[in-house]
Amino acid sequence: MANTQSMCTSFLGELMSAQHQFGASTITSRTSLTAPTGDTFKAALYLVSATYNAATTAYSATGEVSGTGYTAGGVTVTTATVPTATNSSSTAGVGFVTPSASITYTTVTLATAFDAVLIYNSTQSNKAVSVHTFGSQTITAGTFTLTMPSNTTTTALLRLATT
């Protein structure tokens, strides 16, 4: 068993049917024609012994960390950054988005080793977006922070490219 970093396969198909909204849209929104809103995304941490990967379709508490100060389901991801798309004559088209703030778990004690975070859409039945792995961690009465990369075509947390 091992967690594997990947965009979730189900997420790719769900994008085609507009099931995820990363920001307020200036065009017709699923939820409101006059006041469009983005979905709420969350980040849950998983044990080294868990198996989360491209086949993950939704958030599950199975294999999730537990400990003092950690709430099952994780924390809300700040998504104020608007998704961006670029295209030029020399490169393929790329759509990309990165959370606008680091993902932070404050005052937690997580004694069992963990090495992955699942980003999922809590607005849309907890549908999985992506799994991100890092070196095995434990923490005692401290803050665990996942620093987000720059929001560019080559470093954004989520990137889709044409070939």
Side-chain angles (χ1 to χ4, degrees), residues 1-12 14-15 18-25 29-32 35-84 95-152 155-160:
M1 288 192 212
N3 296 306
T4 307
Q5 184 159 302
S6 179
M7 194 171 299
C8 298
T9 305
S10 59
F11 170 71
L12 296 173
E14 292 159 2
L15 283 176
Q19 293 185 40
H20 300 275
Q21 192 165 329
F22 284 91
S25 176
S29 170
R30 289 187 319 266
T31 55
S32 171
T37 58
D39 290 337
T40 297
F41 293 86
K42 297 193 84 177
L45 295 172
Y46 287 90
L47 301 171
V48 169
S49 60
T51 306
Y52 285 80
N53 51 42
T56 302
T57 59
Y59 160 78
S60 171
T62 302
E64 185 175 11
V65 300
S66 64
T68 304
Y70 182 85
T71 301
V75 297
T76 299
V77 176
T78 305
T79 57
T81 303
V82 176
T84 305
F96 57 97
V97 67
T98 296
S100 53
S102 295
I103 298 171
T104 304
Y105 305 83
T106 57
T107 319
V108 294
T109 296
L110 304 171
T112 306
F114 60 97
D115 71 349
V117 63
L118 171 69
I119 307 293
Y120 68 95
N121 188 336
S122 65
T123 304
Q124 301 300 321
S125 303
N126 294 331
K127 292 180 179 184
V129 173
S130 56
V131 177
H132 302 274
T133 57
F134 42 83
S136 179
Q137 305 285 317
T138 59
I139 188 165
T140 302
T143 298
F144 180 70
T145 301
L146 293 167
T147 303
M148 294 297 101
S150 299
N151 193 40
T152 70
T155 60
L157 192 65
L158 296 174
R159 297 182 306 274
L160 299 171

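As a basis for the values below, the full set of heavy atoms in this structure was taken, side chains included, without hydrogen atoms, waters or symmetry mates. Throughout, residue positions are numbered sequentially from 1 according to the sequence presented.
- Heavy-atom minimum distance, Ser6 versus Ala54: OG-CB, 3.2 Å.
- Residues satisfying the side-chain hydrogen bond (donor to acceptor under 3.5 Å, both in side chains) test with Ser10, not counting sequence neighbours, are none.
- Remark: side-chain polar atoms of Thr155 are paired, donor with acceptor, to backbone N or O of Ser150 under 3.5 angstrom.
- Interatomic distance, Asn121 CG to Glu14 CD, rounded to the nearest 0.5 Å: 8.5 Å.
- Distance check: Leu12 CG to Leu160 CG gives 6.5 Å after rounding to the nearest 0.5 Å.
- Residues Ser130 and Leu158 share a closest heavy-atom pair of OG-CD2, 3.6 Å.
- Within the structure, side-chain hydrogen bond (donor to acceptor under 3.5 Å, both in side chains) contacts touching residues 99-108 (residues at least two apart or in different chains) do not occur.
- Within the model, atoms CG of Leu45 and NE2 of His132 stand 12.0 Å from one another, a figure rounded to the nearest 0.5 Å.
- Within the structure, the side-chain hydrogen bond (donor to acceptor under 3.5 Å, both in side chains) test picks out the following pairs touching residues 54-73 (sequence neighbours left out): Tyr59-Glu64, Ser60-Thr62, Glu64-Tyr70.
- When all heavy atoms are compared, the tightest approach of Asn53 to Cys8 is O-SG, 3.9 Å.
- Of all the heavy atoms in Ala156 and Thr98, the pair that sits closest is CA-OG1, 3.1 Å.
- Phe144 is linked by a ring-ring contact (aromatic ring centres under 6.0 Å, His included) to Phe114, Phe134, counting only residues two or more places apart in sequence or in another chain.
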| task | Give the C-alpha distance, both sets of side-chain angles, the deciding distance and a yes or no for side-chain contact (heavy atoms from CB on, under 4.5 Å) between Ile103 and Ile119. | result | CA-CA 10 Å; Ile103 298 171; Ile119 307 293; 3.8 Å; yes
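- Checked by atom type and distance alone, the side chain of Thr133 never pairs as donor or acceptor with a backbone atom of Thr4 at under 3.5 Å.
- The two residues Ala116 and Val131 have their closest heavy-atom pair at CB-CG1, 4.3 Å.
- For Asp115, the side-chain hydrogen bond (donor to acceptor under 3.5 Å, both in side chains) test picks out Asn3, with sequence neighbours left out.
- Remark: Leu146 CG to Leu157 CG distance equals 9.5 Å, nearest 0.5 Å.
- With sequence neighbours left out, Ser122 forms a side chain to side chain contact (heavy atoms under 4.5 Å, CB included) with Thr40, Lys42, Tyr120, Asn126.
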